[in-house]
A.B. asks: 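Submitted below is the structure of interest, expressed as structure tokens.
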Amino acid sequence: MDSRKIGNQLVLQCAPLIVGLKMSNLFIIQNEHISKMYRLLKESRISYYVFLVTEKMSTLFLYDREKLENFLSKKQTRLFFQEEGYLDFDLQKVLFRFRCQYRLYWSGKRDFPHELGLLLGYPIEDVNGFILNKGKKSLYTGYWKVYDDVQGKKELFRMYELAKETLIQLVFNGISIAEIIDTYNGATL
């Protein structure tokens with residue numbers, strides 16, 4: 001896989017993050033291509049943290065450090081994380097603890113760590129709705145299951161789709177993912 005194909009995957013999986021609409025995204029990539037992806041993100045505002053490595057694939061957490069740190073400083077967010085056993089809200093410590101929880105989940109040693117929803121920027125009311133309803137009875141399903149403010153979430157999902165379509169068009173017109181990331185570095189669609 002060359003840098004262009006990795007860029008295409010980044011666009012398909014992470015367009016809302018690239019354009020600044022989301023604070024984070026999961027990115028799943030073949031292990032052999034991770035170093036190329038790191039080079040693409042090197043000078044950007046997008047940071048990464050490895051959550052899981054399997055024999056062939058890796059699950060990476062891509063994020064905008066400033067936005068994620070601001071999110072973790074909010075009282076409601078901290079209360080949720082405290083209920084999940086988090087005591088320190090330093091970003092690297094939160095990511096490390098979550099990675100441990102995520103790996104335990106993948107090995108079948110614990111239930112799904114719902115704090116992932118918050119780390120991915122899902123609204124707390126939807127994460128709580130998902131937990132309370134055990135993933136059922138959602139009012140709408142888009143990028144996540146919606147339990148409150150359906151119209152607002154539909155508009156947000158429309159913006160995410162617009163971001164993806166815009167970046168796909170840029171790639172189709174020969175703009176490299178490095179140029180796209182550079183263009184949106186610190187900007188918003």
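Any value given below was found using the heavy atoms of this structure, including those in side chains, with hydrogens, waters and symmetry copies removed.
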A.B. asks: Which atom names give the shortest non-hydrogen contact between Phe27 and Cys14, and what distance separates them?
C.D. replies: CD1-SG, 3.9 Å
A.B. asks: Going from OH on Tyr86 to CZ on Phe98, what distance comes out if it is rounded to the nearest 0.5 angstrom?
C.D. replies: 6.0 Å
A.B. asks: Counting distance only, does the side-chain N/O of Asp88 pair as donor-acceptor with the main-chain N or O of Val94 below 3.5 Å?
C.D. replies: no
A.B. asks: For the residue pair Trp144 and Phe157, is the inter-centroid distance of their aromatic rings smaller than 6.0 Å?
C.D. replies: yes
A.B. asks: Does Leu116 form a side chain to side chain contact (heavy atoms under 4.5 Å, CB included) with Tyr122? I'd like the steps, not just the answer.
C.D. replies: CA-CA 9 Å; Leu116 176 59; Tyr122 301 174; over 6 Å; no
A.B. asks: Looking at every non-hydrogen atom in both residues, tell me the closest pair between Gly121 and Ser24 and how far apart they are.
C.D. replies: N-OG, 4.1 Å
A.B. asks: Applying the 4.5 Å side-chain criterion to the ILVMFWY set and letting contacts propagate, would Phe130 and Phe81 be lumped into a single cluster?
C.D. replies: no
A.B. asks: Can you sort out the partners of Glu125 under salt bridge (Lys or Arg N to Asp or Glu O under 4.0 Å), two or more places apart, ordered by chain and number?
C.D. replies: Lys153
A.B. asks: For the residue pair Tyr105 and Asp111, what are the closest heavy atoms and their distance?
C.D. replies: CD1-C, 3.7 Å
A.B. asks: Taking the six-membered ring where the residue is Trp, are the ring centres of Tyr143 and Tyr160 under 6.0 Å apart?
C.D. replies: yes
A.B. asks: Taking all heavy atoms of Arg45 and all of Asp64, pick out the closest pair and write down the distance.
C.D. replies: CD-OD2, 3.2 Å
A.B. asks: Is it the case that one hydrophobic cluster holds both Phe112 and Leu104, taking links as side-chain heavy atoms less than 4.5 Å apart, direct or via other members?
C.D. replies: no
A.B. asks: Tell me if the CD atom of Glu66 is crowded by more than 12 foreign heavy atoms within 6.0 Å.
C.D. replies: no
A.B. asks: Mind checking the CD1-CE spacing from Ile6 to Met37? Nearest 0.5 Å is all I need.
C.D. replies: 8.0 Å
A.B. asks: When you group the ILVMFWY residues by side-chain heavy-atom contacts below 4.5 Å and let the links chain together, are Leu40 and Ile18 in the same group?
C.D. replies: yes
A.B. asks: To the nearest 0.5 angstrom, please state how far the CD atom of Glu83 sits from the CD atom of Glu115.
C.D. replies: 11.5 Å
A.B. asks: Are Phe61 and Tyr48 near enough that their ring centres are under 6.0 Å apart?
C.D. replies: no
A.B. asks: For the pair Leu60 and Tyr38, evaluate side chain to side chain contact (heavy atoms under 4.5 Å, CB included) and give the outcome as yes or no after the intermediate values.
C.D. replies: CA-CA 11 Å; Leu60 306 177; Tyr38 291 163; 4.3 Å; yes
A.B. asks: List for me each residue that meets ring-ring contact (aromatic ring centres under 6.0 Å, His included) alongside Phe89, sequence neighbours excluded, and say none if there are none.
C.D. replies: none
A.B. asks: Thr54 side chain to Met57 main-chain N or O, any donor-acceptor pair under 3.5 Å?
C.D. replies: yes
A.B. asks: In Å and rounded to the nearest 0.5 Å, what is the CG to CD distance from Leu79 to Glu84?
C.D. replies: 12.0 Å
A.B. asks: Tell me which one of Leu170, Thr166, Leu10 satisfies side-chain contact (heavy atoms from CB on, under 4.5 Å) with Ile180.
C.D. replies: Leu170
A.B. asks: Rounded at 0.5 Å granularity, tell me how far CG in Leu21 sits from CG in Leu156.
C.D. replies: 7.5 Å
A.B. asks: Mind listing the closest non-hydrogen atom pair of Asp148 and Asp126 along with its distance?
C.D. replies: N-OD1, 3.3 Å
A.B. asks: Any chance CG of Asp90 has more than 12 other-residue heavy atoms, nucleotides or ligands included, within less than 6.0 Å?
C.D. replies: yes
A.B. asks: Okay, side chain of Arg99, backbone of Leu52: is any donor-acceptor separation there less than 3.5 Å?
C.D. replies: no
A.B. asks: Side-chain heavy atoms nearer than 4.5 Å, only ILVMFWY residues, links allowed to pass through others: does that put Val127 and Tyr147 together?
C.D. replies: no
A.B. asks: Identify the two heavy atoms, one from His33 and one from Ile29, that lie closest to each other, and give their separation to 0.1 Å.
C.D. replies: O-CD1, 3.7 Å
A.B. asks: So, are Lys164 and Glu161 salt-bridged, with charged N and O less than 4.0 Å apart?
C.D. replies: yes
A.B. asks: What I want to check is whether the side chains of Glu179 and Ser176 have a donor and an acceptor closer together than 3.5 Å.
C.D. replies: yes
A.B. asks: Suppose we screen for salt bridge (Lys or Arg N to Asp or Glu O under 4.0 Å). Which residues come up paired with Arg65, at least two apart in sequence or across chains?
C.D. replies: Glu69
A.B. asks: Grouping I, L, V, M, F, W and Y whenever their side-chain heavy atoms are under 4.5 Å apart, do Ile168 and Leu17 come out in a common cluster?
C.D. replies: yes
A.B. asks: So how far is it from Leu68 CG to Leu119 CG, rounded to the nearest 0.5 Å?
C.D. replies: 6.5 Å
